[in-house]
Amino acid sequence: MLQPNFIKENKERVLEGLKKRNFTDAHLLDEIIDLDQRRKDIQSESDHLQSSVNKSSKEIGMLFKQGKKDEASVIQEQVKTWKAKITELNTEADDVKTRLQDALLNVPNVPHPSVPAGNTDEDNEVYQAWEKPFPTLHDGKKPHWELMEEYDIIDLKLGVKVTGAGFPVYKGKGAKLQRALISYFLDKADEAGYLEYIPPHMVNEASARGTGQLPDKEGQMYHATQDDLYLIPTAEVPITNIYRDVILKEDDFPVKMTGYTPCFRREAGSYGAHVRGLNRVHQFDKVEIVRVEHPDKSYAALEEMIKHVGGLLDELGLPYRILRLCGGDLGFTSALTFDFETYSAAQERWLEVSSVSNFETFQSNRLKLRFKDKDNKKHLAHTLNGSALALPRIMATILENYQTPDGIIIPEVLRPYTRFDKID
RNA sequence: GGAGGAGUGGCAGAGCGGUUGAAUGCACCGGUCUUGAAAACCGGCAUACUCGAGAGGGUAUCGGGGGUUCGAAUCCCUCCUCCUCCGCCA
């Protein structure tokens with residue numbers, strides 16, 4: 001969420017930036033500026049009256065002590081009229097604040113200058129292409145959903161029986177490979193200096209609001225209504241919220257956190273042939289990296305995160321490319337996002353396996369995540385996060401790219417974790 | 001789930017309708033003293049919003065929200081959290 005003052009002081013810049021994501025509602029920005037001004041005016045008027053009330057109340061106290069009841073009751077009458085006016089102002093203030101909040105929630109983050117304009121994923125910029133050849137597979141190559149069944153390692157039908165569509169059951173070597181990937185990713189994050197967390201897998205409303213899942217993506221989360229808790233769609237939510245309402249010191253930076261969690265997404269409205277197998281599921285595993293940074297350092301941090309994710313894919317030996325998302329494809333809360341896609345050689349498609357973003361102050365404003373500078377002045381910190389990595393499509397790509405007529409070869413780096421080198 | 005008790009500043013802990021944003025102690029920061037340190041002494045030390053060029057001012061905040069009152073940390077309602085006991089349980 002942007003700050004009204006920021007919008008007011010940078011209106012042209014904000015509007016110019018938002019054009020890249022097809023947001024052209026200058027009227028909404030004006031409304032925000034007006035509502036914020038009105039909010040201040042009401043506040044100011046109400047404060048003045050309250051000040052008079054407070055003074056008079058003290059006076060009444062004194063008069064009572066002195067036994068001057070008559071004088072006191074005269075003032076009491078006056079105070080009552082002030083109070084009525086204050087009540088009136090507060091009612092208006094509530095209304096103005098609600099409208100201001102609603103308006104602010106409809107303004108997406110301002111894209112970074114490097115974000116290309118565009119509407120769809122067609123307009124994303126290839127930031128780093130794959131220069132080497134793709135794996136060449138044998139003639140009997142199969143997509144991962146067939147391999148899963150053939151080797152009996154991931155069972156979607158069983159998931160349907162136990163839960164429903166999109167809840168895969170991992171079995172035997174499939175389960176072990178999954179666990180190996182999680183351990184490998186966590187170990188790499190640990191080596192890179194990220195502090196490991198195992199956060200709750202459900203969050204309250206305040207947390208879902210803090211990272212922007214609410215109210216923007218209400219329908220995408222599973223909601224346990226009886227306790228009003230949400231199943232997390234990503235570890236970003238509980239982990240980033242660790243720093244909600246926190247004021248850091250400058251030398252607390254950088255804050256680097258990681259965590260493995262299952263992720264739950266309703267994926268309402270997604271369907272079609274391209275979501276077969278593991279391409280899109282309701283529950284999946286992911287290792288996330290999250291950072292809280294000084295505004296001057298956040299883009300260097302983003303760079304570092306891109307290298308980290310790229311390093312994982314290099315070690316796994318998976319072909320990948322990096323995209324800089326265009327304005328239209330950029331998430332509501334993000335200023336700059338890079339997507340990683342691996343090439344799945346049997347499907348002959350690119351699959352998104354990671355998304356690394358800088359939210360600048362958009363999240364921290366909602367989170368009230370700030371730091372004090374040397375002069376003790378408070379500023380909003382920058383937050384970033386990235387998948388490192390999301391498991392299902394990595395699994396899919398490994399199964400497809402490493403298939404041979406005799407089985408699926410396990411990438412070298414995972415063997416210490418799997419303790420087998422082939423699925424057959 | 002049932003019955004009790006409790007939530008006050010960074011921590012500890014007073015206050016229980018009227019100069020209380022809140023005593024006191026500890027911690028912290030600055031100063032005096034000291035060759036240096038400690039001790040002692042003096043001073044400072046919350047957050048948010050807002051007005052002001054600034055100095056500074058106003059308002060709100062004693063777990064959250066609502067209410068009573070001219071006035072609430074103090075009374076009432078409600079929610080949350082923690083502690084003790086009972087029940088259930090991985």
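Source: prediction; values computed, not measured. Lettering follows sequence order; numbering is per chain, from 1.
Across all strands shown, nothing is found opposite B/C45 as a Watson-Crick or G-U wobble partner with both distances under 3.5 Å. Pair check for B/A22 finds none; no Watson-Crick or G-U wobble contact set falls under 3.5 Å. For B/U69, there is no paired nucleotide, since no Watson-Crick or G-U wobble pair has both relevant distances below 3.5 Å. When Watson-Crick and G-U wobble pairs are counted only if both distances are under 3.5 Å, B/U74 pairs with no nucleotide at all. Pair assignment for B/C33: none, as no Watson-Crick or G-U wobble contacts are both less than 3.5 Å. Nucleotide B/U81: paired with B/A6 (Watson-Crick or G-U wobble, both distances less than 3.5 Å). Across the strands present, B/A53 finds no partner; the criterion is a Watson-Crick or G-U wobble pair with both atom distances under 3.5 angstrom. Summarising the base pairing, B/C89 is matched to no nucleotide, lacking a Watson-Crick or G-U wobble pair whose two defining distances lie under 3.5 Å.
Judged purely by atom type and a 3.5 angstrom limit, A/N109 uses its side chain to pair as donor or acceptor with the backbone of A/F359.
Residue pairs meeting the ring pair (Phe, Tyr, Trp, His ring centres under 6.0 Å) criterion with at least one member in residues 6-59 of chain A, sequence neighbours excluded, do not occur. Screening residues 363-398 of chain A for ring pair (Phe, Tyr, Trp, His ring centres under 6.0 Å) gives A/F253-A/F371, A/H294-A/F371, A/F371-A/H379 as the qualifying pairs, with residues at least two apart or on separate chains. The ring pair (Phe, Tyr, Trp, His ring centres under 6.0 Å) analysis of residues 95-120 of chain A, with sequence neighbours excluded, yields the pairs A/H112-A/Y299. Identified under the ring pair (Phe, Tyr, Trp, His ring centres under 6.0 Å) test for residues 188-231 of chain A, with sequence neighbours left out: A/Y194-A/H308, A/H223-A/Y230. Pairs engaging residues 290-303 of chain A under the salt bridge (charged side-chain N to carboxylate O under 4.0 Å, His left out) rule: A/R291-A/E293, A/R291-A/E304 [sequence neighbours left out].
For the pair A/R38 and A/Q43, the minimum side-chain heavy-atom distance is 4.5 Å or more. Inter-residue side-chain proximity for A/I153 and A/K171 is flagged as unmet; no heavy-atom pair is nearer than 4.5 Å.
Remark: C1' of B/U59 and CH2 of A/W82 are 15 Å apart, rounded to the nearest angstrom. Separating the CD atom of A/Q78 from the P atom of B/G71 is a distance of 13 Å, rounded to the nearest angstrom. If you measure from atom NZ of A/K69 to atom P of B/G18, you get 15 Å, rounded to the nearest angstrom. In this structure, A/K249 places its NZ atom 14 Å from P of B/C28, rounding to the nearest Å. Distance CG (A/D227) to C1' (B/G1): 13 Å, rounded to an integer number of Å.
Contact annotation: A/N54 does not reach the phosphate of B/G71 (side-chain N/O to OP1 or OP2, under 4.0 Å).
Residue-level contact check: A/K372 touches the backbone only, with heavy atoms under 4.0 Å from sugar-phosphate atoms and none from bases.
Between the P atoms of B/G15 and B/A23, the separation comes to 14 Å (whole Å). Separation of the P atoms belonging to B/C76 and B/G2 is 22 Å when rounded to the nearest angstrom. Remark: the separation of the C1' atoms in B/A48 and B/A37 is 41 Å, to the nearest Å. Taking the C1' atom of each, B/G9 and B/G87 are spaced 39 Å apart, rounded to whole Å. Comparing B/G56 with B/G65, their P atoms sit 30 Å apart, to the nearest whole Å. With both ends at atom C1', the span from B/G58 to B/G52 equals 11 Å, rounded to whole Å. A distance of about 33 Å separates the P atoms of B/G31 and B/G13, rounded to the whole Å. Nucleotides B/C80 and B/G57, compared at atom C1', are 36 Å apart to the nearest Å.
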Report all interatomic pairs (protein N or O, nucleotide N or O of nucleotides 61-70 of chain B) with separations under 3.5 Å.
residue : atom : partner : partner atom : Å
B/C70   : O2'  : A/S57   : OG           : 3.0

Pairs under 3.5 Å (N/O, protein and nucleotides 72-76 of chain B):
none

Strictly under 3.5 Å: I want the nitrogen or oxygen pairs between protein and nucleotides 48-55 of chain B, one per line.
residue : atom : partner : partner atom : Å
B/A48   : OP1  : A/R370  : NH1          : 3.2
B/A48   : OP1  : A/K378  : NZ           : 3.4
B/A48   : OP2  : A/K378  : NZ           : 3.3
B/C49   : O3'  : A/R39   : NH2          : 3.0
B/U50   : OP1  : A/R39   : NH2          : 3.3

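Residues passing the side-chain contact (heavy atoms from CB on, under 4.5 Å) test with A/I247 are A/R370, A/K372, A/K378, sequence neighbours excluded. Considering only residues two or more places apart in sequence or on other chains, A/D95 meets the salt bridge (Lys or Arg N to Asp or Glu O under 4.0 Å) condition with A/R99. The salt bridge (Lys or Arg N to Asp or Glu O under 4.0 Å) test applied to A/K97 returns no partner, not counting sequence neighbours. Judged as a salt bridge (Lys or Arg N to Asp or Glu O under 4.0 Å), and not counting sequence neighbours, A/E236 has no contacts.
Taking the centre of each ring, A/F185 and A/Y260 stay at or above the 6.0 Å mark.
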